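What follows is a single structure, written as structure tokens, with notes after it.
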Amino acid sequence: MIRYLYLPVVSGRMAIFEPSKNGAMEFKLTAKASNSRARAGILTTGHGVIETPIFMPVGTAGSVKGIHTRDLEEDIKAQIILGNTYHLYLRPGIQVIEKAGGLHKFNRWNGPILTDSGGFQVFSLGDIRKLTEDGAKFQSHIDGSYHVFTPENVMDIQRSIGADIIMAFDECTPGDADYSYAKNSLELTQRWLERCFTQFNNTEPKYGYRQSLFPIVQGNTYADLRKKAVEHVKTFDADGYAIGGLSVGETVEEMYEMTEVCTADLPENKPRYLMGVGTPVNILEGIDRGVDMFDCVMPTRNGRNGMLFTSEGIINIRNKKWENDHSPIDASGTSFVDQYSKAYLRHLILSGEMLGAQIASQHNLAFYLWLVKTARQKIVNAEFKTWKNEMIMRLKERL
RNA sequence: GGGGAGAUACCGAAGCGGUCAAACGGGGCAGACUGUAAAUCUGUUGGCUCAGCCUUCGUAGGUUCGAAUCCUGCUCUCCCCA
């Protein structure tokens with residue numbers, strides 16, 4: 001159902017109203033654990049394949065903060081990165097991205113890209129936004145100017161950015177929302193989803209490769225709402241499905257439980273993406289529950305703030321105990337930066353040297369990618385569950 | 001040699017008779033961070049047998065019920081003139 005004729009202002013031309021020529025994105029399951037929902041798969045996009053389960057570094061403003069694409073590819077071995085509709089729309093602006101020929105050309109990352117829709121920003125912007133049936137009116141965090149996101153223009157913007165996977169425009173509810181708020185919000189998200197798909201199907205990719213639209217399952221911490229949401233998103237036969245509205249203030253137990261509720265009913269042969277999650281432990285628990293894709297700002301943001309994730313546990317590199325520890329950051333780490341000493345990295349971070357933030361971010365990302373890669377191997381070798389339990393014990397350590 | 005200004009906690013710097021263990025900033029120490037309004041934010045920063053007590057505002061005395069705050073000597077710093 002088209003509520004009104006929408007003319008995309010962003011692209012500067014009329015949308016082409018004809019059926020999508022996008023081929024379906026391919027997802028092949030290559031292995032499945034027997035005592036867990038964990039699976040290993042291969043997701044094929046217009047910019048290459050992704051081996052799942054995968055962690056996707058977040059590159060909000062078109063860059064994974066502090067990391068060159070060369071290091072993302074060669075050192076960290078990232079297979080897909082994120083961008084953000086809200087941030088890129090505000091700055092540099094969609095016209096610039098279009099002129100560049102899309103985000104891949106703009107930031108010189110030639111692998112797959114996923115863009116988030118801005119739904120999360122609408123949530124986190126708090127008081128400087130207002131929701132209506134039509135969409136979300138919000139103020140720019142940069143200059144206070146007013147803007148409106150609707151399911152339609154968010155699809156158009158993501159067409160212009162040119163991500164391989166684009167996300168539905170949803171409302172992300174806070175973890176402590178009550179049932180009636182969560183229910184009404186879910187229904188709004190569902191109506192918005194219909195409009196997203198209508199717009200998506202009535203427009204074409206701008207740069208010659210296919211794009212896939214992933215719906216987002218909402219429903220807060222209420223299992224019945226989640227189940228309804230899953231049934232609804234399935235009707236779109238999407239290339240993949242996201243679980244949203246988690247890691248936003250609810251308990252981790254609730255997060256795991258809701259993840260389980262969702263993966264139980266989502267199509268087996270399509271990738272599942274748990275949005276915004278999480279800690280290394282969260283990711284292993286997510287994989288165990290049948291999730292294939294994750295993203296989180298934690299490795300970069302917490303890294304900049306001095307927190308390192310390693311296979312031996314968590315390090316706060318600012319702590320005095322590392323002052324004279326000249327051993328490598330992570331002796332068994334896969335990144336070249338892991339050979340820098342703890343004492344040196346501590347010095348850099350405490351001195352506010354940008355290299356410190358870069359090293360910490362790069363280490364953390366390399367660790368996250370190592371973690372999911374290893375998880376995949378363990379799934380393939382049918383040793384996932386044992387490995388996971390042992391790994392979690394170590395990951396929880398505070399060094 | 002003469003004149004002036006000043007010495008406050010790790011550093012810088014407010015305070016100028018009681019409500020001062022002493023504002024504020026830096027530094028130190030610790031914590032937070034989960035689809036990035038974040039190279040950010042928060043707490044703490046004399047000691048102890050810790051709702052109380054002890055020692056601290058250059059130093060030695062003094063005035064006062066009471067002093068970082070007023071007076072005197074001393075030491076040291078800085079500035080100006082010779």
Side-chain angles (χ1 to χ4, degrees), chain A residues 55-67 80-88 90-91 114-129 138-145 154 158 163 165-175 214-218 242-252 254-256 259 273-283 285-286 291 293-309 314 316-323 346 348-361 364 368 398:
Chain A
F55 177 78
M56 308 182 282
V58 178
T60 307
S63 91
V64 176
K65 292 187 193 300
I67 309 291
I80 170 173
I81 65 171
L82 259 65
N84 191 284
T85 301
Y86 168 84
H87 298 266
L88 292 169
L90 287 179
R91 200 163 54 188
L114 179 153
T115 41
D116 188 25
S117 63
F120 184 77
Q121 279 61 46
V122 167
F123 152 74
S124 70
L125 251 34
D127 349 313
I128 55 175
R129 55 80 165 168
F138 60 90
Q139 270 184 283
S140 160
H141 71 279
I142 299 163
D143 62 6
S145 54
V154 166
Q158 292 186 100
I165 299 173
I166 72 176
M167 301 305 299
F169 188 57
D170 64 335
E171 186 195 357
C172 179
T173 54
F214 281 22
I216 303 172
V217 174
Q218 290 291 346
I243 301 165
L246 291 177
S247 65
V248 285
E250 80 286 357
T251 66
V252 282
E254 289 173 317
M255 177 171 87
Y256 295 152
T259 302
Y273 163 29
L274 179 54
M275 305 184 78
V277 174
T279 65
V281 172
N282 293 161
I283 287 172
E285 295 292 2
V291 175
M293 304 162 74
F294 302 85
D295 80 284
C296 191
V297 304
M298 220 175 231
T300 43
R301 181 194 285 168
N302 290 31
R304 285 196 301 280
N305 294 330
M307 187 172 187
L308 304 182
F309 298 96
I314 294 168
N316 182 346
I317 201 66
R318 295 182 333 228
N319 288 174
K320 193 175 183 64
K321 61 174 146 187
W322 310 115
E323 185 177 37
R346 174 176 195 267
L348 292 179
I349 297 261
L350 290 183
S351 305
E353 286 291 325
M354 55 180 122
L355 182 60
Q358 291 175 330
I359 291 172
S361 298
N364 281 345
Y368 268 61
R398 309 278 307 208

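Letters go in sequence order (proteins before strands), and every chain restarts at 1. What you see is a predicted model, and the numbers here were worked out from it, not measured in a lab.
- When the side-chain nitrogen and oxygen atoms of Gln121(A) are compared with OP1 and OP2 of G35(B), none of them lie within a distance under 4.0 Å.
- Annotation: C74(B) and G1(B) have their P atoms spaced 15 Å apart (nearest Å).
- The partner of G1(B), taking Watson-Crick or G-U wobble pairs whose two distances both stay under 3.5 Å, is C81(B).
- Between the side chain of Asp170(A) and the base of G35(B), a donor-acceptor pair under 3.5 Å is found.
- For U36(B), the base has a donor-acceptor partner in the side chain of Thr300(A) [N/O atoms by modelled type, under 3.5 angstrom].
- Contact annotation: Thr279(A) does not reach the phosphate of U34(B) (side-chain N/O to OP1 or OP2, under 4.0 Å).
- Not a single donor-acceptor pair, N or O on each side, falls under 3.5 Å between the base of G31(B) and the side chain of Arg398(A).
- Met307(A) places its CE atom 7 Å from the P atom of A32(B), with the value rounded to the nearest Å.
- Here, G2(B) and C16(B) have their P atoms 33 Å apart, quoted to the whole Å.
- If you check every strand for non-hydrogen atoms under 4.0 Å, Leu82(A) touches sugar and phosphate atoms only.
- Partner Tyr86(A) forms a ring pair (Phe, Tyr, Trp, His ring centres under 6.0 Å) with one of Phe120(A), Phe169(A), Phe138(A) and no other, that one being Phe138(A).
- When the side-chain nitrogen and oxygen atoms of Asn319(A) are compared with OP1 and OP2 of C29(B), none of them lie within a distance under 4.0 Å.
- Dashed line: the shortest gap from a side-chain N or O of Arg301(A) to OP1 or OP2 of G35(B) is not under 4.0 Å.
- Remark: P of A30(B) and CD of Glu323(A) are 10 Å apart, rounded to the nearest angstrom.
- Within the structure, every side-chain polar atom (N or O) of Asn305(A) is placed at least 4.0 Å from both OP1 and OP2 of A32(B).
- Listed pair Arg318(A) / A32(B) fails the phosphate criterion, with no side-chain N or O lying under 4.0 Å from OP1 or OP2.
- Note on Asn316(A): a side-chain N or O is less than 4.0 Å away from OP1 or OP2 of G31(B).
- Atom name C1', nucleotides A14(B) and G25(B): the rounded distance is 11 Å, in whole Å.
- For U34(B), the OP1/OP2 oxygens have no side-chain nitrogen or oxygen of Ser247(A) closer than 4.0 Å.
- Searching all strands for a Watson-Crick or G-U wobble partner of G6(B) with both distances below 3.5 Å returns C76(B).
- Along RNA chain B, the nucleotide nearest Leu350(A) and the nucleotide nearest Met354(A) are compared for position; the residue whose nucleotide lies closer to the 5' end is Leu350(A).
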